[in-house]
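Atoms considered below: every heavy atom in the structure, side chains included; atoms not considered: hydrogens, waters and symmetry mates.
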Amino acid sequence: MERAEKEEVMEKSEDINNIERLPEGCISDILSLTTPADVCRSSLVSTLFKSAADSDALWEKFLPDDYQDIISRAFYHFSSAVATSKKELYYRLSDDPLLIDGGSKSFHLQKSSGKKCIMLGAKELAIAWGDNRNHWRWEGYPGSRFPKVAELQWVCWLEIRGKLETRLLSSKTVYAAYIVLKFKEGDNGFEDEPIKAKIEVVGGNDSVCSEERLVYFDASGEHSPSDPMLESQYVAHERGDGWMEVEMGHFYNEGGRDNQGGEVHMSVLETERLYGKYCLIVQGMELRPKLDT
């Protein structure tokens with residue numbers, strides 16, 4: 001080995017030894033400036049900082065400031081004391097969506113970042129003719145997070161709206177909104193049918209929102225998701241939980257202490273081509289951080 005290479009190796013070794021001498025609390029503060037994903041995949045963390053990387057002090061900082069309030073709103077009994085550590089609690093809130101607010105919403109953390117994800121159940125949405133059993137029925141459905149979903153019997157006019165206070169979301173984050181759905185087997189009237197989707201933030205600080213777009217719940221007719229005319233983000237695709245989703249749009253949530261508070265309004269509409277529509281099952285609308293930001 002050349003002399004220069006030996007000196008470089010020795011310098012790196014000394015740097016590591018110096019880092020190891022730092023107090024655990026100091027190492028915890030340094031790691032908290034990264035992300036949960038960085039902490040978990042870093043080989044340096046796993047070998048040198050194992051104690052600090054697993055400490056409650058670190059994972060408390062990755063949890064939202066209001067996580068205790070959120071847990072107190074759980075629909076079913078959920079005790080944070082059951083978790084043996086804050087890291088375990090973080091992973092519980094990442095892996096298992098928590099029903100809150102009487103079962104009308106679900107909450108979980110984006111595992112890679114610790115940012116909040118919230119889904120509004122179908123009962124929390126405003127659905128045109130949703131209270132008419134000739135048009136919509138409310139039933140339990142296997143694999144749904146919520147006690148009931150909205151099952152479409154027949155409509156020619158589709159209108160579904162949802163809204164959520166932006167203060168309930170993570171600040172300084174670009175969020176995407178998705179409608180989560182399924183179809184029963186058979187013709188449904190949505191094949192290649194464009195649906196207007198819109199996101200708007202009302203009140204609070206100014207927010208940058210995507211423009212109104214056309215999306216497709218079902219592109220199984222003459223067109224297909226591979227058709228260059230249909231961008232993949234505008235066509236419903238299967239999620240990891242067996243449901244389907246399509247992005248309705250996105251917006252930037254400034255948040256923070258100076259935020260006056262506002263609401264994000266989400267909608268999907270098909271009110272021009274008044275053909276019969278059937279067999280749609282709506283679980284809800286979900287807001288979560290965009291992965292490419």
Flag the pair [X] and [Y] as a salt bridge only when some basic side-chain nitrogen lies within less than 4.0 angstrom of an acidic carboxylate oxygen.
| X | Y | result |
| --- | --- | --- |
| R239 | E245 | yes |
| E254 | K172 | yes |
| E193 | K277 | no |

Taking every non-hydrogen atom, the tightest pair across [X] and [Y]:
| X | Y | answer |
| --- | --- | --- |
| I199 | A177 | CD1-CB, 3.6 Å |
| V149 | S144 | CG1-OG, 3.3 Å |
| R273 | P194 | NH1-CG, 3.7 Å |
| E247 | V215 | O-CG1, 3.6 Å |
| Y76 | L99 | CE1-CD1, 3.7 Å |
| P289 | C117 | CD-SG, 3.8 Å |

Give a yes-or-no answer on whether the side chains of [X] and [Y] include a donor-acceptor pair shorter than 3.5 Å.
| X | Y | result |
| --- | --- | --- |
| K198 | S267 | no |
| Q110 | S113 | yes |
| E60 | Y90 | no |

Point to revise | Derivation of the side chain to side chain contact (heavy atoms under 4.5 Å, CB included) call for M119 and V180 | key: CA-CA 9 Å; M119 186 191 291; V180 182; 3.8 Å; yes
How long is the gap from [atom1] on [X] to [atom2] on [Y], to the nearest 0.5 Å?
| X | Y | atom1 | atom2 | result |
| --- | --- | --- | --- | --- |
| H108 | K115 | NE2 | NZ | 13.5 Å |
| I127 | I160 | CD1 | CD1 | 5.0 Å |
| S106 | E286 | OG | CD | 6.0 Å |
| N253 | S170 | CG | OG | 8.0 Å |
| L280 | W154 | CG | CH2 | 15.0 Å |
| I118 | L120 | CD1 | CG | 7.5 Å |

Student check: side-chain heavy atoms of [X] and [Y] closer than 4.5 Å:
| X | Y | answer |
| --- | --- | --- |
| L98 | F75 | no |
| V264 | V202 | no |
| M285 | Y178 | no |
| E191 | F183 | no |
| F217 | I179 | yes |
| L89 | Y67 | yes |
| Y175 | L169 | yes |
| L214 | I195 | no |

Check your understanding: What pairs of residues pass the salt bridge (charged side-chain N to carboxylate O under 4.0 Å, His left out) test when at least one of them lies in residues 149-165, not counting sequence neighbours?
Key -> E151-K184, E159-R161, E165-R167
Exercise for review: Mind jotting down which residue pairs meet the salt bridge (charged side-chain N to carboxylate O under 4.0 Å, His left out) criterion with at least one end in residues 94-109? Sequence neighbours excluded, please.
Suggested key: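 Output for this query lists R73-D101, D95-K111, D101-K105, K105-E124.
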Practice item. Give the C-alpha distance, both sets of side-chain angles, the deciding distance and a yes or no for side chain to side chain contact (heavy atoms under 4.5 Å, CB included) between I100 and F78. Key: CA-CA 10 Å; I100 60 173; F78 181 96; over 6 Å; no
Is a side-chain N or O of [X] found less than 3.5 angstrom from the main chain of [Y], in a donor-acceptor match?
| X | Y | value |
| --- | --- | --- |
| W136 | A128 | yes |
| N188 | C279 | no |
| T173 | S171 | yes |

Hydrophobic cluster membership, with links at side-chain heavy-atom distances under 4.5 Å among I/L/V/M/F/W/Y: are [X] and [Y] in one?
| X | Y | answer |
| --- | --- | --- |
| L109 | I71 | yes |
| F146 | V282 | no |
| W243 | M248 | no |
| L158 | V246 | yes |
| M244 | M266 | yes |

Exercise for review: Could you tell me whether K123 sits above the aromatic face of W138, with NZ or CZ closer than 6.0 angstrom to the six-membered ring centre and within 45 degrees of the axis?
Suggested key: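 Yes, K123 lies over the aromatic ring of W138.
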Exercise for review: Give a yes/no verdict on a cation-pi contact between R213 and Y234, requiring under 6.0 Å between NZ or CZ and the six-membered ring centre and an angle within 45° of the axis.
Suggested key: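 No, cation not above the ring by the 6.0 Å, 45° rule.
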Point to revise | Mutual orientation of the aromatic rings belonging to Y91 and W59 [parallel < 30°, tilted 30-60°, perpendicular > 60°] | key: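 Y91 and W59: tilted rings.
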Point to revise | side chain to side chain contact (heavy atoms under 4.5 Å, CB included) evaluation trace for K196 with E212 | key: CA-CA 7 Å; K196 288 182 180 179; E212 181 178 272; 3.9 Å; yes
**Study point:** D66, CG atom: more than 12 neighbouring heavy atoms under 6.0 Å
**Key:**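 Result for CG/D66: enclosed.
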Check your understanding: Does atom CG of D65 have more than 12 heavy-atom neighbours, drawn from other residues, nucleotides or ligands, at distances under 6.0 Å?
Key ->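 Incorrect, the count does not exceed 12.
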